[in-house]
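Take a look at the structure set out below.
In listed order, ligands and their atoms are each counted from 1.
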Amino acid sequence: MRIVICDSAQDATARTAARLVTQVQAKPDSVLGLATGGTMEAVYPHLVAAHRGGLSFANVTSFNLDEYVGLGPDHPQSYAHYMRHHLFDHVDLAPSRYFLPDGLAPPKEASDAYEDLILAHGPIDLQLLGLGHNGHIGFNEPGSSLTSLTREKALSHKTIDANSRFFSSDEAMPHSAVTMGIGTISRGKSIVLLALGDGKAQAVHAMVEGPVSAFCPASALQMHRDVTVFLDPDAAVQLELRDHYLHAETIQRRREAERQP
Ligand code: F6R
């Protein structure tokens with residue numbers, strides 16, 4: 001894992017977005033894995049700005065991590081709606097090229113169909129991830145199999161508490177989602193994860209420095225060959241090897257600068 005402790009949340013967000021931009025520049029027909037949630041809201045404007053600056057997404061294919069069971073694409077809290085609002089409506093990515101699980105289909109059918117679709121178009125070149133307070137990635141809550149495929153998962157109380165802020169008080173929040181599994185996510189060639197704020201610090205520590213365990217699903221990323229984790233200083237406060245990651249990153253950046261023509 002490459003652990004990049006940035007100067008600020010803005011810096012970490014911009015560097016995460018830059019990875020996506022560089023990926024599409026280098027391979028215009030990239031298959032991207034995309035994420036939603038509060039943290040990602042600040043990532044997508046960078047992609048929209050890159051598009052306005054000339055970057056085309058016309059040949060990209062994208063797969064989102066998850067969708068709430070019971071919410072159709074026009075529901076304002078659905079992740080399909082979120083993605084149109086934050087990204088898809090503002091770039092030249094045709095609706096036929098972006099995919100999310102079908103929140104209205106029977107979950108087993110929606111899950112199997114989504115897994116097949118990813119296999120047919122994949123592998124995912126670059127998978128974007130956020131991190132749940134409890135260490136979830138996608139909606140793979142603690143206890144998830146580390147080789148799981150796309151399926152319906154019950155949301156934990158912690159996740160329901162965290163995400164109910166997006167739903168109005170008279171609206172029932174779904175208690176399950178169809179999510180890519182950890183095995184599905186792990187097939188991505190490269191993974192970039194963004195975590196911000198001290199509320200994520202414990203999960204970041206467990207993900208990076210804890211044992212590989214279903215108790216912290218994100219710890220499965222330790223087994224992946226190409227993961228970059230962008231953090232702000234608050235999200236990094238519980239890392240025991242924090243100084244080492246800063247030191248390693250200084251060397252990494254020096255090497256990158258030397259490679260520049
Ligand atoms: C959403 C997703 C989730 C979020 C995570 C963090 O597609 O997959 O894993 O990334 O719950 O959410 P925020 O950024 O709202 O803290």
Side-chain angles (χ1 to χ4, degrees), residues 9-10 12-13 16-17 20 32-46 62-69 71 73 75 77-88 98-103 110-111 114 118 124 126-144 148 150-167 173-186 188 191-204 206-207 214 216-221 227-232 234-235:
Q10 288 79 2
T13 301
T16 301
L20 290 156
L32 300 180
L34 298 177
T36 59
T39 311
M40 298 304 151
E41 286 178 13
V43 171
Y44 293 124
H46 290 274
S62 78
F63 289 92
N64 265 80
L65 283 163
D66 38 25
E67 180 60 280
Y68 289 116
V69 168
L71 300 194
H75 190 288
Q77 301 314 329
S78 70
Y79 285 155
H81 187 276
Y82 171 112
M83 289 306 301
R84 290 200 306 276
H85 177 73
H86 290 287
L87 182 67
F88 297 154
Y98 60 74
F99 302 98
L100 293 96
D102 183 348
S111 303
Y114 201 62
I118 298 171
I124 288 174
L126 181 60
Q127 174 69 57
L128 175 64
L129 295 176
L131 179 67
H133 293 86
N134 58 5
H136 73 215
I137 48 175
F139 275 133
N140 295 283
E141 300 285 29
S144 294
S148 49
T150 304
R151 72 242 182 274
E152 181 181 21
K153 282 301 285 180
L155 304 182
S156 70
H157 289 304
K158 206 164 183 175
T159 300
I160 292 169
D161 284 351
N163 288 11
S164 56
R165 71 187 192 277
F166 297 113
F167 290 79
M173 188 191 150
H175 282 203
S176 72
V178 169
T179 179
M180 280 188 203
I182 299 174
T184 319
I185 292 168
S186 299
I191 294 178
V192 57
L193 182 146
L194 175 64
L196 305 174
D198 57 2
K200 300 287 172 73
Q202 196 183 345
V204 167
M207 167 178 73
C216 175
S219 66
L221 300 177
V227 179
T228 306
V229 177
F230 287 107
L231 304 171
D232 68 348
D234 287 344

Practice problem: Could you tell me the residue and atom name of the protein heavy atom closest to atom 10 (O) of ligand 1, and the distance to it rounded to 0.1 Å? | Solution: Gly130 CA, 3.4 Å
Quiz prompt | Protein heavy atom at shortest distance from atom 9 (O) of ligand 1 | solution = Gly138 O, 2.7 Å
Quiz item: Considering only the protein, which heavy-atom contact is closest to atom 5 (C) of ligand 1, and what is its distance?
Solution: His136 NE2, 3.4 Å
Exercise. Note the single closest protein heavy atom to atom 16 (O) of ligand 1, along with its residue, its atom name and the distance in Å.
Key: Lys200 NZ, 2.7 Å
Quiz item: Got an N/O contact under 3.5 Å between Gly37 and ligand 1?
Solution: no
Exercise. Could you tell me if any non-hydrogen atom of Glu41 lies under 4.0 Å from any atom of ligand 1?
Key: no
Practice problem: Identify, for atom 15 (O) of ligand 1, the protein heavy atom at the shortest distance, and state residue, atom and that distance. | Solution: Gly38 N, 2.8 Å
Quiz prompt | Nearest-contact summary for atom 14 (O) of ligand 1 - protein heavy atom, Å | solution = Thr39 OG1, 2.5 Å
Exercise. Provide, to 0.1 Å, the distance between atom 8 (O) of ligand 1 and the closest protein heavy atom, together with that atom's residue and name.
Key: Asp66 OD2, 2.9 Å
Quiz item: Under 4.5 Å between any side-chain heavy atoms of Gln127 and Phe63, yes or no?
Solution: no
Quiz item: Tyr68: what forms a ring-ring contact (aromatic ring centres under 6.0 Å, His included) with it, not counting sequence neighbours?
Solution: Tyr79, Phe139, Phe167
Self-check item: Where ligand 1 meets Leu65 - atom numbers and elements under 4.0 angstrom, heavy-atom basis
Solution: 8 (O)
Practice problem: Specify the closest pair of heavy atoms between Gly135 and Pro217, including all atoms of both residues, with the distance to one decimal. | Solution: O-CD, 3.4 Å
Quiz item: For ligand 1, which part of Arg165 has a heavy atom less than 4.0 Å away: the side chain, the backbone, both, or neither?
Solution: side chain
Self-check item: Non-neighbouring partners of His81 that pass ring-ring contact (aromatic ring centres under 6.0 Å, His included), sequence neighbours left out
Solution: none
Quiz item: Can you name the nearest heavy-atom pair linking Ile191 to Leu126, along with the distance?
Solution: N-CD1, 4.2 Å
Quiz item: Which heavy-atom pair separates Ala195 from Ala235 by the least distance, and what is that distance?
Solution: O-CB, 3.5 Å
Quiz item: With distance as the sole test, does Lys153 use its side chain to make a donor-acceptor pair with the main-chain N or O of Thr179 at under 3.5 Å?
Solution: no
Quiz item: So, do Phe88 and Leu34 sit near enough that their side-chain heavy atoms are less than 4.5 Å apart?
Solution: yes
Exercise. For residues Asp102 and Ala110, report the shortest heavy-atom separation together with the two atoms involved.
Key: O-CB, 3.4 Å
Self-check item: Residue and atom name of the nearest protein heavy atom (relative to atom 1 (C) of ligand 1), distance in Å to one decimal
Solution: Thr36 OG1, 3.0 Å
Self-check item: Region of Leu129 that comes within reach of ligand 1 [heavy atoms, distance under 4.0 Å]
Solution: neither
